[in-house]
Amino acid sequence: MIELKGGPPNVGIILPPEYFARPAEILARDLVGAVVCRRLAGEETRHVITETEAYLGPHDLACHSARGRTARTEVMYGPPGTLYIYLVYGLHLMLNVVAGPEGIGAAVLIRSAGAVQGPGRLGKELALSMDLNGREGCALTGLWFEQGFKPSRIFANPRIGVVYAGSRWAGRKLRFAADA
DNA sequence: GCAGTGATCATA
DNA sequence: ATGATCACTGCC
């Protein structure tokens, strides 16, 4: 487990798959302040993650895996650290990482990073494509995560766009954002 | 405020 | 095969 202590921040250390092998609720909180990195055509870009959401598994009615294991949700059941990408509203590709423990179908949605606010815009900024779906987040894939900074303050609020899940789940504070 | 856009999933 | 439903955004 990687821990940020006092002193100079350890930027540039790639988060290994084991890092993601924790409950989504914990992981989502810890990923705020981490860095999402992309390499495309030889160019590397980095954005500090500012907003995430946790999707806990089949018991979480807002989670895709609550509808069972399907062709789309299959990758959520894969190893932690796997990228889960999907299209919403016919337009926007969402970036998620599978959380642990393996096999329960939990993931963390990366909503905002750097100056880019909103998961759809982030998908565009990172030039996501469906062939990243199911791949491990690592340098070879061209999309990975690095250790970043510990935000001074993190807010927890209800997730966006999940009212259909009912108040019990829509109301839970599973969305995490850094102090702006 | 709401139209656009297309994969996905349930119903048949 | 058909139709409703979206982890949203941008322009009215």
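Throughout, a chain's letter reflects where its sequence line sits, starting with A, and its residues are numbered from 1.
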A/R22 NZ/CZ over A/F20 ring centroid, <6.0 Å and within 45° of normal: no

Is the terminal nitrogen or CZ of A/R159 (NZ for Lys, CZ for Arg) located under 6.0 angstrom from the six-membered ring centre of A/Y55 and within 45° of that ring's axis? yes

Let me know which of A/I160, A/V108, A/N96 forms a side-chain contact (heavy atoms from CB on, under 4.5 Å) with A/E53. A/I160

A/V36: which of A/V116, A/V97, A/L95, A/T45 passes side-chain contact (heavy atoms from CB on, under 4.5 Å): A/L95

Salt bridge check: are A/R69 and A/E74 linked by an N-O gap of less than 4.0 Å? yes

Could A/R172 and A/E25 be called an ion pair, given the rule that one side-chain N must be under 4.0 Å from one carboxylate O? yes

Check: [X] side chain, [Y] main-chain N or O, donor-acceptor pair, under 3.5 Å:
X      : Y      : value
A/S112 : A/Q117 : no
A/T141 : A/E136 : yes
A/Q147 : A/I14  : no
A/D179 : A/S152 : no

Below 4.0 angstrom, which residues in residues 63-76 of chain A have at least one non-hydrogen atom near DNA chain C? A/C63, A/H64, A/R67, A/M76

Residues of residues 121-131 of chain A with a heavy atom under 4.0 Å from any atom of DNA chain C, listed by number, are A/R121

Whole-Å gap separating C1' (B/dT5) and CG (A/L93): 12 Å

Distance, rounded to the nearest Å, where A/Y84 contributes OH and B/dA7 contributes C1': 11 Å

Nucleotide interval of DNA chain C bounded by contacts with chain A (heavy-atom cut-off, under 4.0 Å): C/dC6 to C/dG10

Classify A/G120 by what it touches in the nucleic acid, base, sugar-phosphate, or nothing, heavy-atom distance under 4.0 Å. sugar-phosphate

Within 90° of 0 counts as syn, otherwise anti: where does C/dA7 fall? syn

Honestly curious: do A/L31 and A/L83 fall in one hydrophobic cluster under the side-chain, below-4.5 Å linking rule? yes

Could you see if A/Y164 belongs to whatever hydrophobic cluster contains A/M94? Use Ile, Leu, Val, Met, Phe, Trp, Tyr and a side-chain cutoff under 4.5 Å. yes

Which residues pass the side-chain hydrogen bond (donor to acceptor under 3.5 Å, both in side chains) test with A/R175, sequence neighbours left out? A/E51

Contiguous pairing runs of three or more, Watson-Crick or G-U under 3.5 Å, that involve DNA chain C: B:1-4 with C:8-11, B:6-11 with C:1-6

Nearest heavy-atom neighbours spanning A/D60 and A/A66: O-CB, 3.4 Å

Give the residues of residues 157-173 of chain A touching DNA chain B, defined as any heavy atom closer than 4.0 Å, sorted by residue number. none

For A/E146 and A/R46: C-alpha separation, side-chain torsions, deciding distance, then whether salt bridge (Lys or Arg N to Asp or Glu O under 4.0 Å) applies. CA-CA 9 Å; A/E146 292 179 2; A/R46 283 151 202 272; 2.3 Å; yes

